[in-house]
Amino acid sequence: MEGKVLLGQSLIWAIILLGQIHGYESCTVKERNALLELKKHVSLHSIKGGLSLVLPTWNNDTKSDCCRWWGVKCNRTSRRVTKLSLGKPFFLGTSLLNLSLLHPFEEVQSLDLSESSFNGLFDDVEGYQSLRRLRNLEILDLSSNMFDNSIFLFLNAATSLTTLFLGENYMDGPFPVKELKDLTNLEMLDLSDNMFNGSMPVREFSYLKKLKSLNLGVFCEMENLRELDLGGNYFVGQLPMCLGRLKKLRFLDLSSNQLSGNLPSSFSGLESLEYLSLLDNSFQGFFSLNPLASLTNLKVFKISSTSSDMVKIETESTWQPKFQLSVAVLRFCSLEEIPYFLVYQKNLRLVDLSGNRLSGNIPTWLLENNPKLQVLKLTNNSFTSFQMSTMVHDLQVLDFSENHISGLFPGNIGKALPSLVYMNGSKNGLQGNLPSSMGVR
Ligand SMILES: *[C@@H]1O[C@H](CO)[C@@H](O)[C@H](O)[C@H]1NC(C)=O
Ligand SMILES: *[C@@H]1O[C@H](CO)[C@@H](O)[C@H](O)[C@H]1NC(C)=O
Ligand SMILES: *[C@@H]1O[C@H](CO)[C@@H](O)[C@H](O)[C@H]1NC(C)=O
Ligand SMILES: *[C@@H]1O[C@H](CO)[C@@H](O)[C@H](O)[C@H]1NC(C)=O
Ligand SMILES: *[C@@H]1O[C@H](CO)[C@@H](O)[C@H](O)[C@H]1NC(C)=O
Ligand SMILES: *[C@@H]1O[C@H](CO)[C@@H](O)[C@H](O)[C@H]1NC(C)=O
């Protein structure tokens, strides 16, 4: 009898305990319902079609813990949703996202709405202030949708954002300065592959201050910015002087735009800069690299100009750089001499000087100075001779095609460069047999 009572009590305890564990583990009812609402919204438009095919783990079964659903992450103690992804549903046609559907996720920190074909945001109650409700939102990924500039009005309310991905959308026109001005916590902003074409402000930013709108000046105010990728847009005009204020900027990619003019002297203030790409722009005339001389952290520098006849990288200056590059790309820069700052580099892995007017002997001193050099591209220049010294080097890729090198191939090349996996010496005037040292390992 006593035994039965004890057993009964234990059972009750076990049930209570299980219930508590279960209740403890599960996400909140409010967020669970909100997730199902969101799923309904998504599946109405998704190319995948049907409630059972879109986000299949998001189900109706009250026993299933929504913190374990695909794309959902919760805080382990509060069980509130902190991370949410829609799983790239790819909508049929286009669709607006009703931002009100996100309001129940009060503690969400990271939202991934990429690759969904959304073409707009709306909130029929709170309007442009909608995202202010998500007070903990730090990371927002809206890349690869069909958003146009209209979403900036919503985004400016997401003041807690540190990371914002907007690449591959349909934003265009001049730059949305006013619209993003309140995002003062931004550290990373990706706007690549849009269609911005606004002109960049010229040096006098007193003039900019007056206008305070519609150009890249927006970035100058974002003093916490660490990465800025604006590659593949239609920016024209000169690099803005005020960009030099971004002391924390580590990565700056302005490749494939239509920038012209010179490097602003203020770039000497980009003291954290590690990566600078100015590839494929329309720089013209005398282009001085002096502002970069004092950047101690610079590791990667790339530049090329589409108006190749015009740009002229300054080479005479004898400044001694404070940086040690690992990647140096200076293509189509009308170089007649190798820029002197390369003489000071000891840590280069890749050097590309293609499409210039360099002449004389192939610069094997680059190998001597840089024991870790792996790739050396010198195609389409005017080099006339190729002589190897007796050293041995681990270079893997050597391209000196399209030059004016005549005479015999350096006999010792196989011994000197035993690690070569690719060599291109086509379109030169070389004669005779390939040296027997080649192919010997
Ligand atoms: C919930 O389950 C019921 C019954 O299986 C179904 O009719 C309903 O569509 C489901 N709702 C959602 C949001 O999945
Ligand atoms: C999880 O939630 C608890 C209680 O709300 C909070 O104190 C804690 O900081 C949160 N943890 C994380 C990693 O956000
Ligand atoms: C947007 O979502 C909210 C919250 O679920 C809802 O109350 C509102 O009716 C929705 N708006 C439209 C137009 O569907
Ligand atoms: C920039 O793009 C907008 C919108 O496509 C267009 O109206 C404007 O003329 C363009 N401006 C320039 C300078 O190309
Ligand atoms: C070689 O460089 C010149 C400019 O220096 C350029 O006009 C030409 O198109 C280049 N050739 C190739 C094949 O890239
Ligand atoms: C070698 O260089 C020439 C001229 O730059 C180029 O046309 C050719 O494709 C290259 N060959 C290989 C195998 O890459």
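Hydrogens, waters and symmetry mates play no part in the numbers below; they use all other heavy atoms, side chains included. Order of listing sets the numbers, starting from 1, for every ligand and every atom in it.
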Which ligand 6 atoms are under 4.0 Å away from a heavy-atom of [X]?
{"X": "Tyr422", "result": "10 (C), 11 (N), 12 (C), 14 (O)"}
{"X": "Ser426", "result": "1 (C), 2 (O), 3 (C), 4 (C)"}
{"X": "Thr379", "result": "5 (O)"}

For [atom], the protein heavy atom that lies nearest, with its residue and separation:
{"atom": "atom 8 (C) of ligand 2", "value": "Asn75 ND2, 3.7 Å"}
{"atom": "atom 6 (C) of ligand 6", "value": "Asn424 ND2, 4.1 Å"}
{"atom": "atom 4 (C) of ligand 3", "value": "Ser100 CB, 3.7 Å"}
{"atom": "atom 5 (O) of ligand 3", "value": "Leu101 CD2, 3.4 Å"}
{"atom": "atom 14 (O) of ligand 3", "value": "Asn98 ND2, 3.7 Å"}
{"atom": "atom 9 (O) of ligand 3", "value": "Asp124 OD2, 4.3 Å"}

Closer than 4.0 Å to some heavy atom of [X] - which atoms of ligand 2 meet that?
{"X": "Ser78", "answer": "2 (O), 5 (O)"}
{"X": "Thr77", "answer": "1 (C), 2 (O), 3 (C)"}
{"X": "Gln109", "answer": "14 (O)"}

So does [Y] get a backbone contact from the side chain of [X], meaning a donor-acceptor N/O pair under 3.5 Å?
{"X": "Asn370", "Y": "Leu366", "value": "yes"}
{"X": "Asn59", "Y": "Asp61", "value": "yes"}
{"X": "Asp148", "Y": "Asp172", "value": "no"}
{"X": "Asn381", "Y": "Leu358", "value": "yes"}
{"X": "Thr57", "Y": "Trp70", "value": "yes"}
{"X": "Ser114", "Y": "Asp112", "value": "no"}

message: Tell me whether Lys427 has any N or O atom under 3.5 angstrom from an N or O of ligand 6.
response: no
message: I'd like to check whether Asp399 has a polar contact with ligand 6, where a contact means an N/O of the residue lying under 3.5 Å from an N/O of the ligand.
response: no
- request: Using the test ring pair (Phe, Tyr, Trp, His ring centres under 6.0 Å), find all partners of Tyr275 that sit at least two apart in sequence or belong to another chain.
  value: Phe251
- request: Would you please determine whether Glu107 falls within less than 4.0 Å of ligand 2 on a heavy-atom basis?
  value: no
- prompt: With a 2.5 Å cut-off on the SG atoms, do Cys67 and Cys74 make it?
  reply: yes
message: Is atom 12 (C) of ligand 2 near the protein, in the sense that some protein heavy atom lies at less than 4.0 Å from it?
response: yes
query: Can a protein heavy atom be found under 4.0 Å away from atom 2 (O) of ligand 2?
result: yes
message: Which of the numbered atoms in ligand 3 are under 4.0 angstrom from any heavy atom belonging to Phe122?
response: 13 (C)
message: Side chains of Ser64 and Trp69: any donor to acceptor distance under 3.5 Å?
response: yes
field: Side chains of Ser401 and Ser426, donor plus acceptor under 3.5 Å
entry: no
field: Derivation and outcome, side chain to side chain contact (heavy atoms under 4.5 Å, CB included), residues Val375 and Asp352
entry: CA-CA 8 Å; Val375 178; Asp352 186 349; over 6 Å; no
